[in-house]
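Protein chains get the first letters and strands the later ones, always in sequence-line order, with residue 1 at the start of each.
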2 protein chains.
Amino acid sequence: MDSTDLAYDVFAKQCPSRTTLEHVTGRWGALTLGALHEGTFRFNELRRRVDGVSEKMLSQTLHALERDGLVRRDAQPTNPPRVDYQLTPLGREIAERLLTLIDFVQSRQDDVHKAQESYDEARGGR
Amino acid sequence: MDSTDLAYDVFAKQCPSRTTLEHVTGRWGALTLGALHEGTFRFNELRRRVDGVSEKMLSQTLHALERDGLVRRDAQPTNPPRVDYQLTPLGREIAERLLTLIDFVQSRQDDVHKAQESYDEARGGR
DNA sequence: CAGTATCCGAAAGGATACTG
DNA sequence: CAGTATCCTTTCGGATACTG
């Protein structure tokens, strides 16, 4: 280690928080956190809210987020079963920071689009 | 559209800012933005800083970020060639918000780890 | 309703060799 | 040095069928 090393361990190959971050920022993770930031939902409610997710991926995503302590799963032992998902306090804090990033990227999407056009114009005609 | 729709267009399937967000939060995108947040670097300097990245992935990542207007590429027509990469003002603003999220996740990694252990304990012994 | 299990095609990503 | 091109393995993720 010397002074040129990055200050963030998350940039190391096998960092555990790298895995958590991937759960949070991944396609379905971000979508699910965003949905749950709006309230508490049942499995199939979430499926309808999270546009395009399959049962398999939603299940997988919820398990990962629950295991990380970001989502709480509440199963009533009724028949038919009823399971509610909601953010934990930690999950809410993380979702807020994620949404800050998402909001910002979205608010600057015009600039991004312009940059893409001038980039493509400069090299598209190669 | 009704009131149950998500407030964030980024959650729609084919949203353009979803693509930008993936460039930013993806494994190599986040690493590269984090590295460039520390300064200006040449291609092989970045390769050494971004732990584990291949030439192919670094090249691909830099192209995507440059096209989105987050990274500026400066090539001197010398021999041997010298190319410097740095964040644009927009890239810097995005990197800051990304690092806020990363820092927070990292600072709570202990909580995450504990949650994982109790989760595994509850189901690991099934 | 709330999932799990399996199969399979698509896409990401690494190693290596090569170019200007 | 700064990449590109190719090959090949691994992972992601959708469709479908099935279970408690």
Going by heavy atoms in the side chains, are A:L87 and A:L70 under 4.5 Å from each other? no
Tell me every residue that passes side chain to side chain donor-acceptor pair (under 3.5 Å) with A:E45, counting only those two or more places apart in sequence or in another chain. none
Grab the two heavy atoms, one from B:L36 and one from B:V71, that are nearest each other, plus how far apart they are. CD1-CG2, 3.7 Å
Distance-only donor-acceptor pairs under 3.5 Å for side chains of residues 56-68 of chain B, two or more places apart:
{"unit_1": "B:T61", "atom_1": "OG1", "unit_2": "B:M57", "atom_2": "O", "d": "2.7"}
{"unit_1": "B:H63", "atom_1": "ND1", "unit_2": "A:Y119", "atom_2": "OH", "d": "3.3"}
{"unit_1": "B:R67", "atom_1": "NE", "unit_2": "A:D120", "atom_2": "OD1", "d": "2.9"}
{"unit_1": "B:R67", "atom_1": "NE", "unit_2": "A:D120", "atom_2": "OD2", "d": "3.4"}
{"unit_1": "B:R67", "atom_1": "NH2", "unit_2": "A:D120", "atom_2": "OD2", "d": "2.7"}
{"unit_1": "B:D68", "atom_1": "OD1", "unit_2": "A:Q116", "atom_2": "NE2", "d": "2.7"}
{"unit_1": "B:D68", "atom_1": "OD2", "unit_2": "B:H23", "atom_2": "ND1", "d": "2.6"}

Measure across A:H37 and A:A95 and return the closest heavy-atom pair with its distance rounded to 0.1 Å. CD2-CB, 4.1 Å
Pull out every residue in residues 63-78 of chain A that has a heavy atom closer than 4.0 Å to any atom of DNA chain C, ordered by number, or say none. A:H63, A:R73
For the helix from C:dC1-D:dG20 to C:dG20-D:dC1, what angle lies between the axis at the first five pairs and the axis at the last five pairs, to 10 degrees? 50°
Side chain to side chain donor-acceptor pair (under 3.5 Å) with A:T25: which residues, sequence neighbours excluded? none
To the nearest 0.5 Å, tell me how far A:T100 OG1 sits from B:L98 CG. 12.0 Å
Contacts of type side chain to side chain donor-acceptor pair (under 3.5 Å), residue A:D74, not counting sequence neighbours: A:R72
Student check: side-chain heavy atoms of A:L33 and A:L99 closer than 4.5 Å: no
Residue pair A:P80/A:S59 against DNA chain C: nearer the 5' end by closest nucleotide is A:P80
Nearest heavy-atom neighbours spanning B:L46 and B:A35: CD2-CB, 3.9 Å
Assign each of B:V83 and A:S54 to its nearest nucleotide of DNA chain D by heavy atoms, then name whichever residue's nucleotide is nearer the 5' end. B:V83
What parts of residues 39-48 of chain A reach DNA chain C, counting only heavy atoms under 4.0 Å away? A:R42, A:F43, A:N44
Contact string for nucleotides 7-12 of chain D, one letter per nucleotide 5' to 3', B = base within protein heavy-atom range under 4.0 Å, S = sugar-phosphate only, - = neither, reads B-----
The side chain to side chain donor-acceptor pair (under 3.5 Å) partners of B:R82 (sequence neighbours excluded) come to B:D84
Show me the pairs that pass side-chain hydrogen bond (donor to acceptor under 3.5 Å, both in side chains) and involve residues 85-97 of chain B, at least two apart or across chains. A:R108-B:E93, B:R73-B:Y85
Sequence-distant partners of A:E22, salt bridge (Lys or Arg N to Asp or Glu O under 4.0 Å), two or more places apart: A:R18
So, for B:A75 and B:V83, which heavy atoms are closest and what is the spacing to 0.1 Å? CB-CG2, 4.0 Å
Closest heavy-atom contact between A:C15 and B:Q106? SG-NE2, 4.4 Å
With a 4.0 angstrom cut-off to heavy atoms of chain B, pull out the first and last contacting nucleotide of DNA chain C, in 5'-to-3' order. C:dG13 to C:dG20
What is the distance, to the nearest angstrom, from the CG atom on A:L58 to the C1' atom on D:dG13? 13 Å
